[in-house]
Amino acid sequence: MGACRIQYVLPVFLLVALHWTLAQSTYCEVSRTLSLEDDPGRTFNWTSKAEKCNPGEFCQETVLLIKAEGTKTVILASKSCVPQGVETVTFVQYTAPPGLVAISYSNYCNDSLCNNKDNLASVWKVPETTATSNMSGTRHCPTCVALGSCSSAPSLPCANGTTQCYQGRLEFSGGGLDSIVHVKGCTTMIGCRLMAKIVSVGPMTVKETCNYQSFLQPRKAEIGASWMPTSLWVLELLLPALLLPLIHFP
Ligand SMILES: *[C@@H]1O[C@H](CO)[C@@H](O)[C@H](O)[C@H]1NC(C)=O
Ligand SMILES: *[C@@H]1O[C@H](CO)[C@@H](O)[C@H](O)[C@H]1NC(C)=O
Ligand SMILES: *[C@@H]1O[C@H](CO)[C@@H](O)[C@H](O)[C@H]1NC(C)=O
Ligand SMILES: *[C@@H]1O[C@H](CO)[C@@H](O)[C@H](O)[C@H]1NC(C)=O
């Protein structure tokens, strides 16, 4: 009888101990991806591995996607434990089509394995190719996206509604995604604003450096956020609706 009782007591004790351990520490999905994809909305597999975090830590998942007309899409994706946070889901469209597109999705959450989005179907809904009938045929821009430098940047026709050729370098650090991304292409954005002057994306910080050539203006160059020619301010006053990125905080 005594032996029988011990057999029951032991598993219950183990369960309680296991439950206590789980309650003490958060587990998060952990992964890092830098890649170029043809159709991330359909094919990107964001499955990760679970790792134990330190007590009190949050989980996060963040992805940034950048594409030019006719190119593949650059993906910077990170899932990890983070020391602290506020529970938020953020979707930002920094630059809208036609032409260049830059968007990010970020989720900070406070439950074990809550950073478990496994695909980008709901995040990336940009049409993969623009109908050639929408190309004006009169404007062309060197076009490419690359992790590192562009090995080639063919001059491609611009979609109707685009206003300048953009050529930029984005320097990312943090979140295990330290990298340089080069972007060239036609865009509706004005100036050096592919990232809309927003300097952090989830756990990453961004530094944008570029030069650009407006279809309406002679060549301008701009480094970082510090300098803005007067003529561009005037353009911005005339076209405010084109310039405001769409920022959603659900
Ligand atoms: C994603 O990758 C994981 C691990 O490699 C695999 O088990 C899973 O089936 C993949 N999912 C899809 C939808 O391909
Ligand atoms: C995160 O969740 C834990 C456990 O549920 C809770 O104790 C803690 O206060 C939460 N932290 C924040 C910042 O919400
Ligand atoms: C082409 O232009 C038409 C009319 O402006 C627009 O409705 C359509 O969405 C455009 N197609 C693409 C792929 O951009
Ligand atoms: C785009 O611009 C070209 C040339 O101006 C024009 O022929 C064409 O109809 C335009 N397409 C659309 C969809 O607006």
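Atoms within each ligand, like the ligands themselves, are counted from 1 in listed order. Residues take their numbers from the sequence shown, with the count starting at 1.
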Hydrophobic cluster identity match, Val30 and Trp46, side-chain contacts under 4.5 Å: no
Residue pairs involving residues 58-92 (criterion disulfide bond (SG atoms under 2.5 Å apart); sequence neighbours excluded): Cys28-Cys59, Cys53-Cys81
Cystine candidate Cys186-Cys165, SG separation under 2.5 Å: no
Listed once per pair and sorted, the salt bridge (Lys or Arg N to Asp or Glu O under 4.0 Å) pairs that draw on residues 78-99, sequence neighbours left out: Glu61-Lys79
Sub-3.5 Å N/O-N/O distance, Asn110 and ligand 2: yes
Results of salt bridge (charged side-chain N to carboxylate O under 4.0 Å, His left out) for Glu171 - residues two or more places apart only: Arg169
Beyond-backbone contact of Val101 with Thr95, side-chain heavy atoms, under 4.5 angstrom: no
First-shell residues of ligand 1 [heavy atom, distance under 4.0 Å]: Asn45, Thr47
